[in-house]
Amino acid sequence: MLIRKINISNTALHHQNISELIDFTGGIKCFLFDAPMGAGKTTFISNFCSYLGSLDIASSPTYAFINEYHTSKGYKIFHADLYKLKNPTEWLELGLEDLTSDQDFIFIEWPKYALNSFNTYIFITIELINSDRILTAKIINNN
């Protein structure tokens, strides 16, 4: 299993952090974020969307469950927040796995019910260690 750790404490360096993360992923475009409330998931994803050329301002999809952003490069970004889901059936009813193509990016916060829906993805945790936010990215391949 390939693992990469990145200090994402300085939001001014997020684009540099994202470039490093993209190099690590080898073209995988599905990112599942598991971290405590307030760890910086949405902030990092918002900066990730900006880095990818989003024409829309990324915001938390807590109440909508899924936000769709368009990019200047023609692909889409799907950003889901599954915090309020109560069971796996609710995840399947959202149908996110049907919305994507190989060129689209997917960011899912609180992915507990989505873990078995993708063959290959980047599993991201963010830990608060002292005053630092440490992002750990793992390449998961269920093939």
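No experiment lies behind these values; they were computed from the predicted model shown.
- Y121 is connected to Y113 through a chain of hydrophobic side-chain contacts under 4.5 Å among Ile, Leu, Val, Met, Phe, Trp and Tyr, so both are in one cluster.
- Within the model, atoms OG1 of T25 and CG of D23 stand 8.0 Å from one another, a figure rounded to the nearest 0.5 Å.
- Counting only heavy atoms from C-beta outward, the side chains of E20 and I6 approach each other to under 4.5 Å.
- Contact check for D132 versus N130: no side-chain heavy atoms found under the 4.5 Å cut-off.
- Between atom CG of residue N7 and atom CG of residue N17 there is a gap of 7.5 Å, rounded to the nearest 0.5 Å.
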Problem - Criterion side chain to side chain contact (heavy atoms under 4.5 Å, CB included) on L32 and L115, from CA distance to verdict - result: CA-CA 8 Å; L32 280 56; L115 294 175; 3.7 Å; yes
Problem - Audit row: D104, I77, side chain to side chain contact (heavy atoms under 4.5 Å, CB included) steps and yes/no - result: CA-CA 6 Å; D104 297 329; I77 302 167; over 6 Å; no
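- Between the CG atom of L55 and the OG atom of S50 there is a distance of 11.0 Å, given to the nearest 0.5 Å.
- Looking at heavy atoms from C-beta onward, K138 lies out of side-chain contact with L2 at the 4.5 angstrom threshold.
- Atom CD1 of I129 is surrounded by more than 12 heavy atoms from other residues, nucleotides or ligands within 6.0 Å.
- Taking the six-membered ring where the residue is Trp, the centroids of F78 and F107 are separated by 6.0 Å or more.
- Residue T136 holds its OG1 atom at 9.5 Å from CD1 of I8, rounded to the nearest 0.5 Å.
- Between H79 and Y69, the two ring planes are tilted [angle within 30° to 60°].
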Practice task
Given side chain to side chain contact (heavy atoms under 4.5 Å, CB included), test D81 with N67 step by step and report yes or no.
Solution key: CA-CA 9 Å; D81 183 327; N67 289 344; over 6 Å; no
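- Side-chain contact between Y75 and L52: present, with at least one pair of heavy atoms (C-beta onward) separated by less than 4.5 Å.
- Residues R133 and L128 form a side-chain contact, since some pair of their non-hydrogen atoms from C-beta on lies under 4.5 Å apart.
- Hydrophobic clustering (side-chain heavy atoms under 4.5 Å, transitive across Ile, Leu, Val, Met, Phe, Trp, Tyr) groups I139 together with I126.
- Ring pair F33/F44 is tilted by interplanar angle, where 30° to 60° counts as tilted.
- Scanning all heavy atoms of the two residues, the minimum distance from S131 to S9 falls at O-OG, 4.0 Å.
- With contacts defined as side-chain heavy-atom distances shorter than 4.5 Å, the pair W110/L85 does not qualify.
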Practice task
Could you check H14 against Q16 for side chain to side chain donor-acceptor pair (under 3.5 Å), going step by step and ending with a plain yes or no?
Solution key: CA-CA 5 Å; H14 275 185; Q16 179 180 331; over 6 Å; no
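- Heavy atoms of other residues, nucleotides or ligands lying less than 6.0 angstrom from CG of N116 number 12 at most.
- Here the closest heavy-atom approach between residue P111 and residue L82 is recorded as CA-CD1, 4.2 Å.
- Ring geometry for F105 against F31 counts as parallel: the plane angle stays under 30°, on a 0 to 90° scale with 60° as the upper cut.
- Once rounded to the nearest 0.5 Å, the distance linking NZ of K29 with CD1 of I22 reads 9.5 Å.
- Side-chain contact between T125 and L135 is absent, with no heavy-atom pair separated by less than 4.5 Å.
- Atom OH of Y83 sits about 12.0 Å away from atom CD of E109, to the nearest 0.5 Å.
- K41 places a side-chain N or O within 3.5 Å of a backbone atom of A35 that can act as its donor or acceptor partner.
- Of the residues listed (N142, I140, I28), the one engaging T120 in a side-chain contact (heavy atoms from CB on, under 4.5 Å) is I28, and it is the only one.
- When side chains are defined from C-beta on, I108 counts as touching F118, because their heavy atoms get closer than 4.5 Å.
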